[in-house]
Amino acid sequence: MTEEKDENKLIAERRAKLDALRESGNAFPNDFRRNALAGQLHQTFESHEDEALRDEHIKVAVSGRMMAKRVMGKASFIKLQDRSGQIQIRLERDRLPEGVYQSFKKWDVGDIVGTQGELFRTQTGELTVMADSARLLTKSLRPLPEKWHGLSDQETRYRQRYVDLIINESSREVFRTRSQIITYMRSFLEAADFMEVETPMMQILAGGANARPFTTHHNALDMQLYLRIAPELNLKRLIVGGFDRVYEINRNFRNEGVSTQHNPEFTMMEAYRAYADFTDWIDMTEAMLHGMSEAVLGTTLVTYQGETFDFGKAFKRITVEDAIRIYNPEFDMSKIRDRDYLVEYCKKLGIAVHDNYGEGKLQIEIFDATGEEHLREPTFVTHYPTEVSPLSRKNDDDPFVSDRFEFFIAGREIANGFSELNDPEDQAERFRAQVENKAAGDDEAMAYDHDYIRALEFGMPPTAGIGIGIDRLVMLLTDSASIRDVLLFPHMRPEVFD
RNA sequence: GGGGCGUUAGCUCAGUGGUAGAGCAUUCGGCUUUUAACCGACUGGUCGAAGGUUCAAAUCCUUCACGCCCCA
């Protein structure tokens, strides 16, 4: 007992009960089998009155965590919670085998219990199981949070997600919705004949995006590897290979700060479709979000943090230069591509300007600083400067911009898509420009990927692709303020155990 | 990186210099249709950590840790 002497009294009491269970037999049995879930029973017998239930003698076996225990002398009510919901059980001393009721009185809220009995309704109409047997299946040593106020401490909710999930239905609902969103997305893409693939997380070069990577080390090969920042270049290699509709839903890793919008690892869906351009992806994105909101929320009206957006109607479309004009009334649009004017304007906004910034980069700095946050309604912003789109195809009529869009809702970027650059010589030039940027101090610039150029030299059919940030989408559809609320196990600094 | 707020019993929270509190939970007793069950009694603390000021610190000061929010 010495190692437990520091434990609090509540745990010590429960541990003593577990010791007693061990002495009287198997304390962790695994031979109980349920045949019903709480939620199913409520649904199936929704319209059955008490009398009808008793006449039919419906015998069920249910199990779950005991979330409430109300003892009234020789009879009690408890609530068992399984993955589908809660069901009430009535235990009467004289209906249970000898000694069971006496044992039951020592069980604690939080214990895992299995029981069998017949369905009835109480005086207040609650569907209940009249137990004719009951067993303690797993002893819970730690007390659950208080029944009324529950668990509200953010840190504990994130660090001990298991407790959060036991206690907070709203939290369970967020993660069910997350699963439904991803399921919907898969079925949408599968219906359009896309093939799901998996590409490496560990890469020799971390390409496909402008971001700092995590590094790791392969011992046997004694080499540095990077965790991927995007799957893009590998997915396009597959387009070259002839799998001309592919997608991947998986984790990306970016070595950046942690905030309500950023987690070092996050989930991205990327899809590539040959013989299509970026406008096809704009249309598909619209259709997918329309269907997703109906399938997951049952409505196309999405309310996020007090704002309501209609996913049922066509989304707005504006160009980057439009956005600059709209949100900067004093901006002289005749000088939208005048480097000196752009530099001066950036400085006025307090934006740090580097010597190697071209007109496109300067435009995007202004757009990020003045436009993004105002894009509340779902909006496709198109015609991104080619300078900041190193993997995008140049626009045929205006090579200053590329055939690219980003999609914003509530001031946040949700998706990024473009017609892919499939000219290997142009791509090689873009990589060289990235390498120059890197040399000039931009540690988010891309490296030159020789193999990717080689792949393009075999010929990549005209293609368009999209990336959708799953976590941010889930935040929107679950009205969650923080990315941590939609990640089961968000990144946290290490906890101190003393 | 900067700023603000927070950390007190298992949980939710009071307590702004003078004997650490409440509700729920736990423990014990009572109760065969409860719904935050109820009634009675009891119990539970390194006040995030370390240092400082003071006759006296949960409370004031400093540093640190962790969390939340905002900004870069």
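Worth saying up front: this structure is predicted, and the values here are computed from it rather than measured.
- By the salt bridge (Lys or Arg N to Asp or Glu O under 4.0 Å) test, A/K59 pairs with A/D132, sequence neighbours left out.
- Put simply, NZ on A/K69 is 12 Å from P on B/A25, counting in whole angstrom units.
- Not counting sequence neighbours, the partners of A/R54 by the salt bridge (Lys or Arg N to Asp or Glu O under 4.0 Å) test are A/D50.
- Of all the residues in residues 79-94 of chain A, A/K79, A/Q88, A/R90, A/E92, A/D94 reach under 4.0 Å from RNA chain B with at least one non-hydrogen atom.
- The same atom, P, is picked in B/A49 and in B/A9; the two are 10 Å apart, to the nearest Å.
- Of the side-chain N and O atoms in A/R70, one or more sit less than 4.0 angstrom from OP1 or OP2 of B/A37.
- Residues meeting the salt bridge (Lys or Arg N to Asp or Glu O under 4.0 Å) test with A/R176, sequence neighbours left out: A/E169, A/E173.
- Between A/M292 and A/L477 the shortest side-chain heavy-atom distance falls below 4.5 Å.
- Interface residues of residues 346-358 of chain A facing RNA chain B, ordered by number: none; criterion, heavy-atom separation under 4.0 Å.
- Taking atom CD of residue A/E118 and atom P of nucleotide B/U33, one finds them 20 Å apart after rounding to whole Å.
- The NZ atom of A/K74 sits 14 Å away from the P atom of B/G29 (whole-angstrom rounding).
- Applying the ring pair (Phe, Tyr, Trp, His ring centres under 6.0 Å) test to residues at least two apart or on different chains, none of the pairs has a partner in residues 130-177 of chain A.
- A gap of 15 Å separates the C1' atoms of B/A25 and B/C13, to the nearest Å.
- Going from the C1' atom of B/U46 to that of B/A58 covers 12 Å, rounded to whole Å.
- In this structure, OG on A/S140 lies 7.0 Å from CD1 on A/I166, to the nearest 0.5 angstrom.
- Taking atom P on both nucleotides, B/G6 is separated from B/G10 by 22 Å, rounded to a whole Å.
- For the pair A/R121 CZ and B/U34 C1', the computed distance is 16 Å after rounding to whole Å.
- What you find for A/V474 and A/R178 is that their closest heavy atoms are CG2-CG, 3.7 Å.
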Does the pair A/S171 and A/N168 meet the rule for a side chain to side chain donor-acceptor pair (under 3.5 Å), with working shown? CA-CA 5 Å; A/S171 191; A/N168 295 314; 5.7 Å; no
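- The A/M492 side chain lies nearest to B/C68 when the options are B/A36, B/C28, B/C68.
- Here B/U27 presents its P atom at 8 Å from NZ of A/K106, a figure rounded to the nearest Å.
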Using the 3.5 Å cut-off, write out each protein N or O paired with an N or O of nucleotides 10-15 of chain B and the distance between them.
from: B/C11; atom 1: O2'; to: A/E146; atom 2: N; distance (Å): 3.2
from: B/C11; atom 1: O2'; to: A/G150; atom 2: O; distance (Å): 2.7
from: B/U12; atom 1: OP1; to: A/S152; atom 2: N; distance (Å): 3.2
from: B/U12; atom 1: OP1; to: A/D153; atom 2: N; distance (Å): 3.0
from: B/U12; atom 1: O3'; to: A/S152; atom 2: OG; distance (Å): 3.4

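- Interface remark: the A/E13 side chain does not form any donor-acceptor pair with the B/U26 base, using a distance-only criterion of under 3.5 Å.
- Applying the ring pair (Phe, Tyr, Trp, His ring centres under 6.0 Å) rule to A/F77 yields no partners; only residues at least two apart in sequence or on another chain are considered.
- In this structure, A/Q123 places its CD atom 7 Å from P of B/U33, rounding to the nearest Å.
- B/C66 and B/G29 have their P atoms separated by 46 Å, given to the nearest Å.
- Between A/F315 and A/F311, the ring planes are perpendicular. Angles over 60° get that label, and only those under 30° would be called parallel.
- Evaluation of the ring pair (Phe, Tyr, Trp, His ring centres under 6.0 Å) test over residues 8-58 of chain A, restricted to residues two or more places apart or in two chains, returns A/F45-A/H48.
- A/E118 meets the salt bridge (Lys or Arg N to Asp or Glu O under 4.0 Å) test with no other residue; sequence neighbours excluded.
- Taking the six-membered ring wherever Trp is involved, the centroid distance between the rings of A/Y226 and A/F214 does not fall below 6.0 Å.
- Interface remark: the A/S76 side chain does not form any donor-acceptor pair with the B/U32 base, using a distance-only criterion of under 3.5 Å.
- Nucleotides B/G2 and B/G15 have their P atoms positioned 31 Å apart, rounded to a whole Å.
- Both cation-pi conditions hold for A/R404 and A/Y384: the charged atom is under 6.0 angstrom from the six-membered ring centre and inside a 45 degree cone around its axis.
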Dump the pairs, protein N or O against N or O of nucleotides 69-72 of chain B, anything under 3.5 Å, distances to one decimal.
from: B/C69; atom 1: OP2; to: A/R484; atom 2: NH2; distance (Å): 2.5

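- Rounding to whole angstrom units, CH2 of residue A/W148 and C1' of B/C38 are separated by 17 Å.
- With B/U35, B/U27, B/C31 as the candidates, the nucleotide lying closest to the side chain of A/T124 is B/U35.
- One P atom belongs to B/G17, the other to B/C38, and the distance between them is 37 Å to the nearest Å.
- Rounded to whole Å, atom P of B/U26 lies 14 Å from atom NZ of A/K105.
- Nearest nucleotide to the side chain of A/F120, out of B/U33, B/A37, B/U34: B/U33.
- In this model, the phosphate group of B/C66 is approached by a side-chain N or O of A/R493 to a distance below 4.0 Å at OP1 or OP2.
- Using a 4.0 Å heavy-atom criterion, one finds that A/Y101 contacts no nucleic acid atom at all.
- With sequence neighbours excluded, no residue satisfies ring pair (Phe, Tyr, Trp, His ring centres under 6.0 Å) with A/H491.
- Ring centroids of A/F367 and A/F408 are separated by less than 6.0 Å, placing the two rings close together.
- Comparing B/C11 with B/U26, their P atoms sit 15 Å apart, to the nearest whole Å.
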